[in-house]
Number of protein chains: 2
Amino acid sequence: MPKGEETIGLRSRAGAGRGLDDMDRKISGVLARDATVSYSDLSAEVGLSPAAVHERVRRLRAAGVIRGTTADLDGPAMGKPMLAFVHVNTRGWGKTRSLLSLSAFPEVEEIHSATGDTCLILKVRVASPHALEGLLARVYDVEGVIGTKTYMALSTHLERGVQAGVTAAFDVDDHVRD
Amino acid sequence: MPKGEETIGLRSRAGAGRGLDDMDRKISGVLARDATVSYSDLSAEVGLSPAAVHERVRRLRAAGVIRGTTADLDGPAMGKPMLAFVHVNTRGWGKTRSLLSLSAFPEVEEIHSATGDTCLILKVRVASPHALEGLLARVYDVEGVIGTKTYMALSTHLERGVQAGVTAAFDVDDHVRD
DNA sequence: CTCCTTCCAGAATGGTGTTCGCCCGATTAC
DNA sequence: GTAATCGGGCGAACACCATTCTGGAAGGAG
């Protein structure tokens with residue numbers, strides 16, 4: 001819906017990605033939306049032979065650009081209709097190490113160290129308020145945790161993985177390189 | 001790392017998932033980790049014939065339990081090494097509608113309406129501080145936006161999709177149903 | 001100019017996804 | 001208690017696709 005800005009789909013050997021050319025970005029973009037496409041369809045979409053596409057995908061995987069291919073499950077269907085972001089405050093640094101044990105809970109989907117007025121940001125998906133309570137209890141069990149602040153997601157309007165495209169208007173080259 | 005709690009992998013027709021039995025959860029769990037496995041390997045892992053597994057996966061897709069299969073890209077490799085959560089405050093409700101236009105930016109990965117001292121939570125992945133500045137400018141362009149608070153992710157310790165498992169100790173049945 | 005590297009197209013093949021028909025167990029009605 | 005009906009899984013056949021190999025063209029470096 002934004003007005004004039006263009007998404008970079010064609011870019012000649014951009015900065016961060018070492019050997020990532022336009023074709024790689026195009027292929028990655030398609031697979032990031034739907035990885036079930038056959039190499040035949042994929043090759044037709046990007047304008048290359050199936051063999052060439054196969055080789056590129058293999059290298060993208062090997063290089064870690066494509067970290068994996070996963071099935072995206074539905075939270076509510078999995079019995080976890082509640083999504084929340086939990087900001088955790090700890091006393092001093094380094095306490096985040098013990099909080100990594102939270103990875104063992106399938107309810108915890110993301111753990112980030114953060115700047116701002118909080119130390120750690122958790123993304124959790126739980127079955128019920130009671131389940132959230134139980135999870136928060138585990139967080140408080142960790143030594144050094146001072147407090148938490150929970151943001152419940154009332155509705156999710158967009159939720160997707162890393163996108164291949166980059167907005168041209170936000171690109172580094174446009175305004176920084178002068 | 002948590003001590004005693006068990007993850008439910010086997011559960012007889014739990015509440016939220018209507019027709020989801022143990023086999024469906026097991027299959028979903030495997031595919032959520034790696035969707036590249038062949039039906040042969042998958043069938044061997046869950047203890048079913050390839051044909052039966054195929055039929056179940058087809059139904060899981062049709063039912064929306066498996067929403068899609070996507071390639072997980074690497075942020076830094078895609079030229080977007082910076083991850084941030086942006087909390088947006090608006091004047092009054094209903095302003096979130098216009099903010100949905102942010103979906104057009106590949107930098108925006110998630111948009112949630114939220115409770116707490118904020119209205120909207122965005123998950124954004126950008127190339128540079130300058131790109132983040134440009135994106136924030138777009139947010140402020142939206143009518144009714146009072147302010148934002150940005151939490152930069154210093155390091156990501158865990159980032160994954162919806163998990164099939166549910167922690168037994170957090171389950172509704174354990175303490176609510178008595 | 002020549003060699004080297006890199007990349008892509010075309011063809012062959014082994015594996016796999018997909019479908020069909022049959023069989024078994026559970027449920028229901030009589 | 002018996003029989004009919006339904007749902008689900010198994011085994012096999014077929015078609016499709018992933019994967020590999022070979023050849024050839026384009027771009028650089030010496």
Side-chain angles (χ1 to χ4, degrees), chain A residues 8-74 77-79 164, chain B residues 9-73 77-79 164:
Chain A
I8 294 185
L10 305 172
R11 193 78 195 295
S12 55
R13 310 228 157 213
R18 308 135 308 232
L20 273 197
D21 62 357
D22 315 338
M23 192 58 70
D24 288 326
R25 296 195 96 97
K26 216 191 280 186
I27 293 174
S28 302
V30 174
L31 291 180
R33 258 186 333 184
D34 182 12
T36 65
V37 293
S38 69
Y39 282 101
S40 316
D41 296 345
L42 180 55
S43 65
E45 193 159 353
V46 302
L48 230 59
S49 79
V53 171
H54 182 270
E55 173 63 16
R56 279 180 177 265
V57 171
R58 190 192 63 77
R59 283 164 53 185
L60 287 173
R61 289 187 189 281
V65 176
I66 296 179
R67 300 197 307 183
T69 302
T70 58
D72 304 327
L73 305 181
D74 185 68
M78 278 295 140
Chain B
L10 305 172
R11 191 81 195 295
S12 55
R13 310 230 157 210
R18 305 134 312 231
L20 273 198
D21 61 357
D22 314 339
M23 191 57 71
D24 288 326
R25 296 196 98 96
K26 215 191 283 186
I27 293 174
S28 301
V30 173
L31 291 181
R33 258 185 331 182
D34 182 13
T36 64
V37 292
S38 68
Y39 281 103
S40 316
D41 297 345
L42 181 54
S43 66
E45 193 160 352
V46 301
L48 230 59
S49 77
V53 171
H54 182 270
E55 173 63 15
R56 280 181 175 266
V57 171
R58 189 193 63 79
R59 282 165 53 186
L60 286 174
R61 290 186 189 280
V65 176
I66 297 179
R67 301 196 306 182
T69 302
T70 58
D72 304 327
L73 305 182
M78 278 295 139

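On a predicted model such as this, the values are computed, not experimentally measured, just so you know. Just so you know, these numbers use all the heavy atoms, side chains as well, and skip hydrogens, waters and symmetry mates.
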Which atom pairs link the protein and nucleotides 10-13 of chain D when you take only N or O atoms and keep those under 3.5 Å?
from, atom 1, to, atom 2, distance (Å)
D:dC10, OP2, B:Ser49, N, 2.5
D:dC10, OP2, B:Ser49, OG, 3.0

Would you tabulate the pairs of protein nitrogen or oxygen atoms and nucleotide nitrogen or oxygen atoms of nucleotides 25-29 of chain D closer than 3.5 angstrom?
none

Might you list the N or O atoms of the protein lying below 3.5 Å from N or O atoms in nucleotides 15-18 of chain D, with each pair's distance?
from, atom 1, to, atom 2, distance (Å)
D:dA18, OP1, A:Tyr39, N, 3.1
D:dA18, OP2, A:Tyr39, N, 3.2

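Listed by chain and residue number, B:Asp21, B:Asp24 satisfy the side-chain hydrogen bond (donor to acceptor under 3.5 Å, both in side chains) test with B:Arg56 (two or more places apart in sequence, or in another chain). Checked against side-chain hydrogen bond (donor to acceptor under 3.5 Å, both in side chains), B:Asp72 has the following partners two or more places apart in sequence or in another chain: A:Thr70. Residues satisfying the side chain to side chain contact (heavy atoms under 4.5 Å, CB included) test with A:Ala52, not counting sequence neighbours, are A:Leu48, A:Ser49. Remark: A:Arg61 pairs with no residue by the salt bridge (charged side-chain N to carboxylate O under 4.0 Å, His left out) rule, at least two apart or across chains. With sequence neighbours excluded, no residue forms a side-chain hydrogen bond (donor to acceptor under 3.5 Å, both in side chains) with A:Glu45.
The end-to-end axis angle of the helix from C:dC1-D:dG30 to C:dC30-D:dG1, rounded to 10 degrees and based on five pairs per end, is 30°.
Counting non-hydrogen atoms under 4.0 angstrom, B:Arg58 reaches nothing in the nucleic acid.
Within the structure, ring pair (Phe, Tyr, Trp, His ring centres under 6.0 Å) pairs that include any residue of residues 54-73 of chain A comprise A:Tyr39-A:His54 (at least two apart or interchain). Screening residues 28-37 of chain A for side-chain hydrogen bond (donor to acceptor under 3.5 Å, both in side chains) gives A:Asp34-A:Thr36 as the qualifying pairs, with residues at least two apart or on separate chains.
Contact annotation: B:Arg59 reaches the phosphate of D:dG8 (side-chain N/O to OP1 or OP2, under 4.0 Å).
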